[in-house]
Structures are given as structure tokens and as C-alpha cells.
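Accompanying notes for the structure given below.
Letters A, B, ... are given to chains in the order of the sequence lines, protein chains preceding strands, and every chain is numbered from 1.
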Amino acid sequence: MALLALLLTATTSGCAGALDTPRSRGNVLTYGIDQQPDCLDPQVSPLDVTALVDRNLFDSLVEMAPDGHFRPWLAERWSVSADGRTYTFRVRDGVTFHDGTPFTAHAVKATLDHAVDPRTKSQYAASLISSYRSSRVVDASTVVVRLSRPDSAFLQALSTAYLGIQSPTSLRENTGNLCTEPVGSGPFRLTGWARNRSLEMERNPDYRWAPPGARHSGPAHLDGLVVQFITEGTARFGALATGQVDAIGNVPPAKIGALKASGQLRHLRAESPGVPNTVFLNTRSGPLADERVRKALLRSVDLDQLVDTLYFGRYSRAWGALTPTTPYYSASVEGRAPYDPDEAARLLDAAGWTGRDSRGIRVKDGRPLALRWPYIQEVHGKMSALAQGMQAQAKQVGIDLRWTSVDAGAFIQKTDSGRGLEMFSASFVRAEPDILRYWFGSRMTIANGGGNVFHLDDPVLDRALADGAAASDPQARAAAYARAQQRLVDRALALPTYVPVSLVGTSDRVHGLRFEPNAYPLFYDVRLGDPR
Amino acid sequence: MTDRLPVPIGSRGEGPAMTAAKSETAVQDAATGARERTGAVSPDRRAPSRGGTRPAARRAVPRLPGAGTVIASLVLAVVAVAAVWPELLALRAPDQVDPVHALQGPDGAHPFGTDQLGRDVFSRVVHGARLTITLGLGSVVVAVVAGTLLGLLAVAGGRVLDEVVMRVTDVLMAFPGLLLALLVVAVLGPGTTNAMIAIGAASAPGFARLVRGQALVVRESGYVQAAVVLGLPRFSVFLRHVVPNSLPPVLVFATVHTGSAIIAGSSLSFLGLGPQAPAPEWGAMLSEGRDYVDLSWGLGVFPGLAVTATVVAINVVGTRLRRRFEGRTTHGEH
Amino acid sequence: MTTASPVRWLARRLLLAVLVVFGSATAAFLAMELTPGDPVRTLLGTTPQTAEATERIRHDLGFDRPLLVRYGLFLGRLVTGDLGTSYQLQEPVRSLVTGQLWSTVTLALAAFTLALAGALVLAVLTAGGRRLPRRIAGFFDLLTISAPAFWIGVLLLTVFSFRLRLFPAAGGTGLSGLVLPAVTLALSMVGTLSQVLREAMERSLEEPFALSAKARGTGLLGLRLRHALRHGLIPLVTLSGWTLGALLSGAVVIETVFSRPGLGRVLATAITSRDLPVVTGVVVVSAAAFALITVAVDALYRIIDPRLREVGT
């Protein structure tokens with residue numbers, strides 16, 4: 001009986017759906033994206049899509065300008081103590097959250113405490129402010145934040161959507177539902193979230209506290225914003241081409257040609273800051289513990305050619321452990337490990353990998369030169385073609401790259417222990433060079449909540465990274481981070497592949513779309529107009 | 001994905017599918033359900049719904065002409081050569097990349113065009129034959145072996161064991177095959193061997209019921225009863241008469257089933273759960289290539305064509321085998 | 001087994017259906033338990049975590065309790081209709097399933113209708129008729145049976161979506177978004193249905209009543225429509241189990257090809273991410289639907305074909 005009732009409702013809703021036409025959307029922008037959020041509590045989720053969605057729902061204390069400086073947003077002004085460990089924020093008046101709660105210094109304290117509360121199970125925000133010790137509310141508009149160490153990346157952390165300020169009322173009373181019912185003060189508020197399908201937001205009519213970087217003030221131009229989840233790149237592009245959505249993220253590079261040819265579509269491009277798509281190398285055990293083998297590996301793959309072909313000239317290859325749009329990027333690393341199979345062969349000979357097996361793979365002491373490179377289909381599947389290209393080229397010099405799909409559980413088991421693998425791939429968006437410490441700092445092992453899977457312990461690198469984090473003078477920071485980036489290349493501690501690009505495709509009705517410093521699109525200034 | 005048997009749960013022979021028993025060509029699965037049932041009842045009981053007026057001989061007239069069978073056999077021969085000795089047909093190595101010549105349409109140098117890495121699609125399709133065929137045949141072997149053991153166990157093990165085995169197969173068969181295979185892959189992880197086991201395990205219950213039904217018929221037949229009456233040990237009668245005589249229909253059904261097993265294997269690969277990159281398994285190739293079909297149409301056409309041609313050929317030849325076999329048994333019964 | 005009373009028959013079948021649902025739930029639970037790897041770490045995704053945080057989540061989710069206790073709790077909740085909460089999406093599985101169900105059911109109903117209509121047309125036009133049309137139809141059947149659904153999907157998508165731009169490439173809303181997935185799913189089934197239907201119709205055309213009608217001068221098409229079709233539909237009913245299975249399995253592949261939301265895709269994603277409550281939820285719901293529909297069809301069948309009640313087994 002129940003089943004029959006379900007079948008009936010299903011058919012009727014199916015018919016109702018058929019009446020929807022793309023043109024009835026009005027002044028609402030529909031954005032197609034490949035990922036869907038796991039949890040909209042900004043302090044919980046580490047996903048890119050959470051930052052993209054939450055930027056519309058939450059405001060931050062400060063805004064990062066394109067040149068890397070910080071400007072007031074919910075914080076009117078702030079001061080830093082001489083030892084770099086105390087930040088005093090004076091917060092803005094007249095801001096209200098979507099639930100009517102007024103924004104005060106208490107909200108700042110509640111949000112930061114929520115981020116580091118073990119019960120929050122933060123997967124990212126807590127690590128962004130790992131230097132955070134405590135907050136003290138002096139009065140309704142003043143909050144003093146204490147850090148355990150000087151942290152030049154602290155303001156950048158506060159500027160991200162992951163530290164968007166939540167309503168203290170919601171944090172207190174809505175504990176179980178923060179993931180699904182986020183309450184911020186942003187230009188949009190959440191009105192619906194159908195899993196696997198879409199997420200809907202409507203304009204916050206009271207919004208009057210846009211950051212200085214915005215092109216207008218007051219409420220958003222759009223009446224609403226719908227984020228549709230379309231996993232497949234081809235399907236997502238098709239949805240844009242047929243007008244089902246107004247804009248899409250992650251346009252498949254293969255479709256840029258078709259997009260341009262259509263005449264009615266446009267695309268915007270921004271290189272992501274942070275760590276490029278990088279193959280992290282096991283420097284502790286196995287063949288890659290030998291620096292010569294690492295250098296040979298870097299020289300065995302023609303990334304210029306592969307990246308250009310596979311991403312249709314839209315992506316560039318990466319040379320260093322930071323992308324060019326990251327603050328304090330050092331161009332001195334470019335061209336340092338070019339494709340050179342002869343040199344690779346020489347290095348491998350010198351390292352004693354002189355034998356060959358029946359497949360042409362080099363052998364030393366009876367063991368083949370095999371590098372295990374596990375991956376998760378859902379996470380790394382999109383770079384499978386690149387990996388296969390690298391695999392085929394590395395084979396030419398006698399290296400066997402074992403690019404193998406494993407389930408997430410097995411993958412995490414390996415990366416947790418740092419055993420059973422020689423390589424793994426990751427990229428990480430953050431407009432702040434301190435991200436290098438997360439991946440390469442000797443103390444940032446998995447057990448300590450970092451990403452240093454292979455327990456890399458390089459004192460020279462550690463010192464450069466610590467200097468960069470402690471310094472407040474831009475020149476001192478630049479010098480320290482240049483040293484760090486060069487060290488990574490000198491010792492071939494990682495194999496950077498390509499610079500991730502935020503490729504957004506839009507119809508010609510969409511005006512005013514631009515990117516924030518982390519290369520996520522911003523919708524506050526967007527206007528839907530006539531085709532131009 | 002048609003590797004599930006149309007047997008309503010728990011209806012050992014009480015269901016009505018006998019009418020579908022003689023469906024022609026390649027209704028592989030429909031045919032199994034029916035055969036399983038016809039097998040489960042003794043020949044004389046089967047008579048009423050068979051319809052006395054139906055001339056069995058005429059049923060056996062093949063729909064496809066001899067030419068079809070000849071073409072199908074040729075296709076299978078080519079696939080077999082590709083699977084056994086791909087170097088004979090392929091133009092180059094399946095993983096040889098050539099980024100400069102990526103995504104080129106079919107031409108003289110690349111009959112099926114090139115993929116996103118500049119690999120030769122024709123050579124990859126040729127080399128893929130071994131993977132796809134191994135996956136399909138391997139899963140049939142798994143299903144036949146597991147199903148036969150289970151079916152014989154049910155017959156030989158007494159009432160309680162029989163009931164247990166039948167209830168377990170009820171539960172398993174109440175579930176669509178691909179979903180069952182997905183569950184098994186979830187436990188074992190992706191890969192060629194695991195996908196093979198998964199598909200085999202998902203179709204094993206059907207084989208178990210078929211074997212059980214056959215074995216019951218054989219056990220009730222005159223000569224086996226006679227052997228028992230003569231005082232031969234039951235176990236030896238079982239091994240020497242029941243087992244061998246239960247197997248021929250199983251092998252015939254296995255042939256017919258191979259086609260759907262290949263489709264199931266390719267589907268798992270398409271979902272990323274079969275042979276891993278850069279293995280040129282046909283389903284995996286289609287999954288990888290479908291984002292580029294508007295740039296190089298060969299990527300979306302040839303791997304699928306290869307699966308389809310192979311399965312058509314297997315179905316044509318399998319149906320022919322089955323019809324010959326059925327003709328023989330029908331003749332023998334009367 | 002002689003003929004039982006209808007009530008006892010039905011009781012037995014329903015008991016069996018319950019057993020099937022229970023068995024499927026147990027199988028799904030065990031499958032996930034047997035999967036190697038630490039489920040808690042899997043749930044946390046690829047972002048590294050401290051051991052302390054991991055242990056806290058393990059405790060919160062009850063993964064530190066013994067297997068039997070977890071199984072007991074699982075069954076207890078199941079009986080009350082509580083399918084648990086998705087680890088990945090932090091949402092009750094019941095609302096997740098009901099939210100996705102309509103999309104798959106719409107697809108399945110549309111595809112089934114198309115496949116049935118196609119099979120009826122093919123069979124009525126060709127059953128017992130001339131050689132050439134029969135052969136063409138037979139070849140069409142063979143082709144659709146032998147072509148994998150994902151290939152048909154990719155081909156249709158390429159031609160009708162990317163080349164001709166007639167249908168959207170993605171999106172579950174609206175009729176236009178339903179056409180290509182439904183046609184793909186229908187094509188993967190129409191061959192089997194049409195074959196079975198034609199076989200049955202041809203058999204009935206040889207029955208004495210058909211022969212005598214023919215002798216009275218009834219045309220072949222009329223004969224097929226008036227007499228043979230009714231007989232042909234009966235074996236089709238017995239294919240209901242196969243049909244349901246093909247629809248559900250097909251949904252997994254087709255929802256992936258067309259990026260269409262639905263139960264099949266939810267299940268595929270949940271399996272790769274080891275979202276146990278979602279997997280068990282989808283498994284139990286589809287097993288229940290399966291079992292109930294099969295019982296209903298068998299009951300229906302006993303009503304329309306009284307011979308079965310006499311014969312029994």
C-alpha cells in the first residue's frame with residue numbers, strides 16, 4: 001500500500017516537473033557544479049564546494065584583496081600586538097544574522113571556539129587556525145584573540161569562508177543541525193537543499209555590509225541562487241549549452257572549443273592559489289628515498305606536452321610546490337627540472353638501477369623499479385589520463401608507475417601509515433604560502449593533523465617555513481618562502497604536475513561574475529540581463 | 001544489464017513461466033528461468049502446458065539463416081585471435097602515447113582514430129578483447145562451478161540442506177544481478193579478478209537451481225531408480241549417473257549466458273570497478289572516451305561496437321547450440 | 001506440494017517475502033562489515049585527521065561496539081522503519097531514498113511503457129507473418145539484447161544531445177530530460193520482451209481455435225490482435241521479476257551515463273564511499289519492492305490462469 005502511494009506521488013511529481021521550463025526561472029541564477037557539499041557548517045567541511053556555497057551565506061571578519069592585503073569586513077579595524085600573538089578586533093555595528101540575532105563580538109568568539117571545539121569535528125577550519133588559543137569579549141564591539149605563536153597566516157585564515165561567522169544563537173540552540181541549517185549574515189540565505197540534486201538560496205533583503213572589494217552595496221542583484229549538482233563534465237557542459245543552467249564551474253577543458261564556437265557562451269578563468277596538483281613522494285623508504293631516483297622521475301615525464309594536450313592549452317604545467325597566483329610565489333623554480341629522458345637514464349644508472357626485466361623495467365638487486373601510486377576514483381579520476389601519460393613516458397626510461405585504483409578506506413590506510421605506497425596526488429587551494437608547512441613541515445604528520453604523509457624531516461625546509469610564518473615584514477616573508485620553494489625543487493621532494501584552474505562557463509545573460517582570491521566565483525555582484 | 005533470471009521468488013516450478021520455455025534466439029535469462037522450471041518437474045508432469053499440438057520440430061527451425069551463424073562464427077574467430085595473439089592484428093602497443101597526435105579522427109594510420117593521449121584506438125580495441133573476454137568467460141566459469149556445487153549439494157544433502165540452499169538462492173535471486181555484483185565488488189574492491197567473482201557469484205544461484213532441477217529429474221528417472229533398487233550404493237549412483245547427466249543443460253545454458261556475462265563485465269568496467277587503467281577493456285575505454293566523443297567520434301563508437309558484435313555472435317552461436325541440444329532431448333523423451 | 005488454499009499460499013509467499021527482505025538486509029550489512037579498511041577513516045575523507053578525532057567519531061557512530069550489538073541495533077531500527085542516517089550526507093536515509101525514489105520510478109515507468117509498447121508493436125506486426133519482417137524484427141531484438149546500455153546511452157547522447165541539440169544532456173526535471181534515459185533503458189529491454197511475446201503469440205496461432213478462425217477467413221492481423229495477443233501477454237507477466245531487475249540494474253548504469261539523480265546513482269556512490277546506512281537502505285527498499293511486486297504478480301497470475309491452481313507442482 002505504502003509502496004503504491006509512493007509510486008503515485010512519484011508519477012505526479014514527475015508530471016509537475018515536466019512543466020518547468022528554463023525561462024520561468026526569473027531573476028534566479030542557476031549554477032552547475034560537479035561536487036556537492038557534505039555539510040554546510042563552514043567550520044566542519046574541508047570541501048571546495050563548501051567554500052563556494054558558504055561564501056554566499058556567511059561573511060568573514062576580514063576580506064583579502066587581490067594584492068594580498070587585508071581589508072575590513074565584519075571587523076571595522078584591528079590591531080596586532082608587538083609579539084604577534086594578540087589580535088584585537090573592533091567589530092561592525094548594525095549587522096544582523098539571518099535569524100535576526102545581532103552581530104557582536106560574542107559571535108566572533110562563539111565561531112572561533114566552535115571551530116576548535118573537538119565536538120565540532122572540524123576537518124579543516126581548526127587546522128587553519130591551529131595557532132588559536134582563546135578569545136575574550138571586552139565589550140559588544142571588541143574581541144581580543146590570543147594566539148599560541150606569531151602566525152602571519154592568521155588573517156588569511158579568517159578571510160576564508162571556512163571561518164565565516166555564524167549566528168551565536170544558532171550555534172547554541174541548533175547544535176545538531178548546523179550542517180543543514182547554516183545561519184550566517186551573508187547576502188543570501190539557504191532555503192532548500194535536495195540531496196544529489198540542488199541547493200537553493202534566496203536574497204537577504206537586509207544585506208548592507210558588503211566587503212570593500214564588492215562592486216555595489218546593499219542586497220544582491222539576484223533574487224536567488226540555485227546550485228545544481230551535475231557530476232559529469234560533459235553533462236554539465238550540455239546543461240549550459242542547452243540553457244538549463246546559466247553558469248557552470250569546472251568546464252571540461254575539452255569543451256572550451258565548443259563553448260567558444262557557440263557564440264552565446266563565455267568563459268572566465270582564474271588559476272587557483274595554493275599547492276598545485278602535486279605528486280608527493282615517499283622520501284623515507286623505497287626507491288624514492290634515493291634523491292637520484294626522484295630527480296630521474298621528474299625528468300622522465302614530458303609535462304609541458306602532456307598538460308598542454310590533455311587540458312587543451314587551458315592549464316599550465318607546474319614547476320614548484322606553489323602556484324604562480326599564490327602570494328610569495330617564487331619564479332626562480334621555473335625550468336629547473338625539465339623533461340630530459342637521457343639525464344633521467346644517467347641518474348638511474350648512477351643509482352644502480354642498471355638491470356632490465358622482460359617489460360623493460362629497470363631492476364636493482366633483483367627488484368623492479370616499481371613506484372606504487374594509489375588513487376581514489378571519485379577524487380583523482382579526472383587526472384587519470386595525465387597519470388596514464390606519465391606512466392607511459394616513465395616506462396620509456398624504465399620506471400614502472402603503478403597507478404592503481406583503491407577504495408577510499410584502503411587509500412586512507414596507506415596515507416595514514418605512509419606505508420605501501422611511493423606516491424600520491426593532491427592539490428590544495430589556499431591563497432597563503434603557509435600551506436607548504438601543512439604538507440612538508442616535519443611536525444605536520446598525519447597524527448598531528450597535517451598532510452606530511454611520508455614524515456619528511458628536512459631541517460633547512462623547516463627553518464625556511466618557520467621563518468616565513470613568524471615574519472610580518474613582506475620582504476622577509478618573500479625571502480623565507482623563496483628559500484622553501486627552492487629547497488623543495490633542489491632536493492626533488494615532490495613532483496608538481498599542473499596548476500589547477502577555475503574555469504567558469506556562463507551564458508551571455510550573466511554579467512558581473514568575478515573570482516575571489518581563492519578562485520571561487522562570487523555571486524553577490526552578479527546580474528542577469530539581456531544578452532549582449 | 002540483463003543477467004538476472006526471471007524467476008519469481010520462491011516459485012520452484014509453481015510459477016507459470018513454462019510458456020516461455022521455447023523462446024527462440026537469445027532470451028538467455030528468460031530461457032533459464034523456464035529451463036530451470038521445466039527441469040524441476042518430471043517430464044510427464046510437464047506435458048499439459050506444453051500443448052500437445054505443437055510440433056516440436058517446427059519450433060526448432062532457426063530464425064537466423066545459416067549465413068548468420070557463419071558470420072557469427074567468423075566474428076568469434078577474429079575476437080579469439082585478438083584475445084590470444086593481439087600483436088598479430090594490432091598496429092602498435094596499446095599504451096603507446098603520442099600527445100602530438102591526440103584525438104585524431106579515423107584515417108589510414110589510425111583506422112579507429114586516436115584517444116586523448118594519442119593512443120591508437122584500433123590497437124587498444126584489439127588488445128581489449130582478451131580483457132573483456134576473460135572477464136566474461138571467467139565469470140561464467142565461476143558461476144558454473146559455484147552453481148553446480150551448490151545445486152548438487154542441495155540434492156545430495158537431504159531435505160534440510162536443500163531447503164536452506166533454496167531459501168538462500170531465493171534471497172539472492174530476489175535481487176537484480178548487477179546490484180548483487182556491485183555489493184560483491186564493494187567487499188572485494190575493484191579489479192579484473194574481483195569483478196569476475198562478483199558477476200559469477202551474482203549468477204551462481206540461477207545455475208544452482210538449474211543443476212538442482214536437472215539432478216532431481218535424473219534421480220527420479222527409471223534407470224537411476226533401477227540402479228538404486230539393484231542395491232548400488234547411493235553415493236556412487238549419484239556420482240556416476242546423476243552428476244554427469246545433470247551437466248549438459250548447464251553447459252548449454254552457460255554458453256547462452258556468456259553474452260550477458262560479457263555485458264555485465266563491461267558495465268562494471270564502465271562504472272570503474274573492473275580492470276584498471278590503462279587496461280583497454282572495452283567498457284572502461286568507453287567510460288574514458290565519452291568526454292571526447294565530439295572531438296573524436298571513434299572513441300564512442302568502436303569499443304561499444306566491439307562488445308555488441310561479440311555478444312551478438314555469442315548469442316547466435318549459443319542459441320544454435322541450445323536448439324540442437326533441445327532438439328535432441330525432446331527427441332529422446334518421446 | 002499439492003494445491004494449497006489461496007490464503008495459505010499467500011501467507012507462505014508473504015512470509016517468504018519477509019525472509020527475502022530480512023536476508024537482503026543481513027547480506028548488505030555483512031557485505032559492508034566484511035569490506036577491508038577502516039570505515040571511520042573512510043568517512044572522514046582524504047583530509048588527514050588526528051587519531052583522537054578519529055576515535056571520537058568512531059565512538060559517536062557506534063563503531064567501537066561489538067559486531068552483534070551493531071547488527072541487533074540495525075535490525076531493531078529496521079523494524080521500526082528507521083533506515084539510519086547517511087554518514088556522508090548527514091541525512092536520514094529514509095528521506096534520502098524517498099527523495100530520490102521518484103526520479104528512478106519515473107525513469108523505470110517511462111522506460112517500461114516504451115519497451116512494452118515497442119515490443120507489442122514489433123510482435124503484433126511480425127508474429128507468424130512473413131519471413132523478411134520476422135527476420136528484421138528478430139535481428140533488432142538480437143541487437144538490442146546484445147548492446148550494452150551504456151553504449152546505447154553514449155551514442156544517443158552524442159547524436160541527439162551534442163550534435164542535434166534536441167534534448168538536454170543532463171538534469172532530471174522535465175520531460176525533455178527524461179526522453180533519452182528512458183529510451184536507452186527501454187532499448188535494453190525491448191528485445192527480450194518482444195521475443196517472448198512473439199514466441200507466445202506464434203504458439204497460440206497454432207492452437208486449434210486460431211486455425212479454425214483462420215479457416216473462417218479472419219485476417220492475420222485481426223487474428224493476432226484478437227486471439228494471439230491475449231495469450232502472448234501471459235508469459236510477459238511471468239517476466240515481471242526479470243523486468244524489475246533489468247529496470248533497477250539499468251538505472252544504475254543509465255543514471256550514471258546521463259548524470260541523472262536517482263536511487264541507482266545513490267547506491268553506486270554509497271558503495272564506493274562505504275556509506276553503510278544508505279547501501280542497506282536502498283537494498284532493503286528495493287528488495288521489499290521486488291518481493292511485494294513479485295507476490296502480487298504471482299497472485300494475479302493464479303487468478304487469470306486457473307490451470308495453475310489445478311496442476312500445482
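- For the pair Ser267(B) and Phe150(C), the minimum side-chain heavy-atom distance is below 4.5 Å.
- Both the backbone and the side chain of Val301(B) come within contact range of chain C, judged by heavy atoms closer than 4.5 Å.
- In summary, of the residues considered (Thr308(B), Ile262(B), Leu286(B)), a side-chain contact (heavy atoms from CB on, under 4.5 Å) with Pro148(C) occurs for Thr308(B) alone.
- Rounded to the nearest 0.5 angstrom, Leu142(C) CG and Thr319(B) OG1 are separated by 7.5 Å.
- With a 4.5 Å cut-off on non-hydrogen atoms, Leu182(B) touches chain C through its backbone and its side chain both.
- To the nearest 0.5 Å, atoms CD1 (Ile314(B)) and OG (Ser146(C)) are separated by 9.0 Å.
- Just one of Thr158(C), Leu155(C), Leu157(C), Val154(C) meets the side-chain contact (heavy atoms from CB on, under 4.5 Å) condition when paired with Arg290(B); it is Val154(C).
- Contact annotation for Leu19(C): both backbone and side-chain heavy atoms come within less than 4.5 Å of a heavy atom of chain B.
- Between Val307(B) and Trp151(C), the closest side-chain pair of non-hydrogen atoms is not below 4.5 Å.
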